[in-house]
Structures are given as C-alpha cells and as structure tokens.
Amino acid sequence: MLGSLGLARQSLDKIPRFQHSMEIVGGKLCVFGGKSTSTGVSLSDFLLDYRCVDVTKSINQASPQWKRQSSASRFAMPPLAQQSSVYDRDNHIIVPYGGQTPDTFSKANHLAVFCTKFEAWGASNIVDNDPRRYLHTAVLQVASGDMIIFGGASDATTNHQDNGRWLNVNRMVLDQPKHGIHAASRGIGNERKIAVGTIITDNGDDTPAAINKIVQHSSVLLNDTQMVVLGGNVYDSVANKAVNLLFDSVHIYDVDRMK
C-alpha cells in the first residue's frame, strides 16, 4: 500500500522546503538542498543542509525521525534549488546537477559531489562548460556511468544572461573507463579517452515537437536504456505562453541511440 511519510506534518525546524532533490542511500531517504521560499533567490532562502530518514525501520508518520546530517569534510552543501541529482553507487557519489543559484553567487563551474562512503561534500574534477539549467531531469546510465540530462531552462537565476529552454538530450561523462567500454560496445571506438565532464549532445533524432523545450517534467531510466518522460510544460511560441502537457502520453528515448 502506498502511504504517506507525514512530510506535510513534519516541519523540519519549522522551515518549509521547496525545489530540493533526494536519493535513497544505504536504506536512508536523503533530501538535498532546496529553498525555504518558492520564489526567493537570496542566499538566505537556500537551505544548505541535507537530511535523512531511515526507511528500513517503521516510520512514525506523524513525526518521522529526520536527522540533519553534517559533512565530514570542510566543504558544505552548495546552495542549490530546482536541481537534479543522480546516485552513482559504483563510485559512491551523488552528483547534483544544475539548479538555481543565489543572487551574486559565484559562477564556478566545478560540480560539487557528495561522497556516500565518507558522508562528505567535496569539490570534484568535473567541469560543466554548459550554462547552468534548472527544472530539468537527469538519470544515470549504470552501464556507461553517464548522466543523461534532458530539458530545463536557463536564466538570470542560473547566472545565464539569456532566457531560454534546452532542446536536445545531453550526456555527461562521469566515469571515463566505463564510458569508453560502453561506447566501444556500441561500435563507437574513439571515446576511450574522453575526459570526465565532457558533454555529448544528441545530434541525431530531433526531440519530438510535443516535448520540445520541456520543463518541470519527470524522467526515469528503464532497463538502463529507455528514458521515460512524463508530464511537464512546453513553450508555445505562437501563443507566447507555457502550456502544460496532458498526462495522457509517454515519451520514450533510447539513450544508446545518441549520435
């Protein structure tokens, strides 16, 4: 039976939390980042912590035992909201991607990662050369170790000068050896030494018009190859407004057909 964990009744220090991401780590449901207001973009609006609740035990729905976790390193949770995240179990890291940033926040493009083995935040050698985005999705392909990124928008809240929505699917390399081996298995032999952080844009099939420049959708990866996209909204350039998609169709993208 699908029940409630009582999140609406648990105040977490009487502070609301919006636009966060979460992952299951070692039997714990861990929530990362987010904001205390839905519209604020000052540093004080961002929640610089992560909290976990043990889901292997019986949960008190009226008051689940959330615990504020502390990083074992000197690095703290970066200020992020409306970001995505993926959990690479083989390399023991959670990789948040994109997200809004506070006003005047640094434009540093090195991704912060969370090491689940040592429970510590740290800087990584992963450099993202694309403008930041938010309201997107990201899924992890286990076979390649790549993060598959789709949709979202960029604007002033992501330190991007132009407003715009993203079109094509991107693949970010997180694990160089796994990426090279998987690429070779697909008949692509020139990617064994491709650098971590490299962004590969799908220049093959066009994104279907129905989900062209989509935001606020959800995505999951089935059988490590089929990315299923549901919901969201797209921009109608004729009517000059965002249009919510009807929840009556599923779009499936084969991540191994990227060209």
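Between F32 and Y50, the ring-plane angle classifies as parallel under the 30° and 60° cut-offs.
Annotation: the span from Y97 atom OH to I126 atom CD1 amounts to 11.0 Å, rounded to 0.5 Å. Note that the OG atom of S154 and the NE2 atom of H136 stand 9.5 Å from one another [nearest 0.5 Å]. For the atom pair K241 NZ and D236 CG, the distance stands at 7.5 Å (nearest 0.5 Å). Atom CD1 of residue I94 and atom CD of residue E23 lie 5.5 Å apart, to the nearest 0.5 angstrom.
Among residues two or more places apart in sequence or in another chain, the side chain to side chain donor-acceptor pair (under 3.5 Å) test is passed with S44 by S42.
Minimum heavy-atom separation, L43 to P79: CD1-CB, 4.1 Å. Minimum heavy-atom separation, S219 to T137: OG-OG1, 2.8 Å. Closest non-hydrogen pair, F18 versus S36, comes out as CE1-O, 3.6 Å. Scanning all heavy atoms of the two residues, the minimum distance from G98 to R132 falls at O-NH2, 3.0 Å.
Between the side chain of R133 and the backbone N or O of G151, at least one donor-acceptor pair lies under 3.5 Å. In this structure a side-chain-to-backbone donor-acceptor pair under 3.5 Å is present from Q176 to I194.
Taking the six-membered ring where the residue is Trp, the centroids of F150 and H217 are separated by under 6.0 Å.
R51 forms no cation-pi arrangement with W66, by the criterion of a distance under 6.0 Å to the ring centre and an angle within 45° of the ring axis. Taking the centre and axis of the six-membered ring of F46, the NZ or CZ atom of K35 falls inside the cone set by 45° and 6.0 Å.
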- Message: Before you tell me yes or no, could you show the steps for D256 and R186 under salt bridge (Lys or Arg N to Asp or Glu O under 4.0 Å), namely the whole-Å CA-CA distance, both residues' side-chain angles and the distance that decides it to 0.1 Å?
- Response: CA-CA 8 Å; D256 278 339; R186 296 164 51 215; 3.8 Å; yes
- Task: Take T116 and F114 through the test side-chain contact (heavy atoms from CB on, under 4.5 Å) and record every step on the way to the result.
- Result: CA-CA 6 Å; T116 59; F114 181 77; 4.0 Å; yes
- Message: For a side-chain contact (heavy atoms from CB on, under 4.5 Å) check, start with the C-alpha distance between V86 and M147, then their side-chain angles and the critical distance, and finish with the verdict.
- Response: CA-CA 7 Å; V86 298; M147 178 165 57; 3.7 Å; yes
Show me the donor-acceptor pairs, under 3.5 Å and distance only, between side chains in residues 168-175 and residues at least two apart or in other chains.
residue, atom, partner, partner atom, Å
N168, ND2, D202, O, 3.3
N170, OD1, T201, OG1, 2.9
N170, ND2, D130, OD2, 3.1
R171, NH1, Q141, OE1, 2.9
R171, NH1, S144, OG, 3.3
R171, NH1, D146, OD2, 2.7
R171, NH2, V255, O, 2.6
D175, OD1, K178, N, 3.1
D175, OD2, N91, ND2, 2.9

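Classification of D49 and R68 as a salt-bridged pair holds, one side-chain N sitting under 4.0 Å from a carboxylate O. Salt-bridge check for K28 with D54: failed, with every basic side-chain N at 4.0 Å or more from each acidic carboxylate O.
Inter-residue side-chain proximity for H179 and I200 is flagged as met; some heavy-atom pair is nearer than 4.5 Å.
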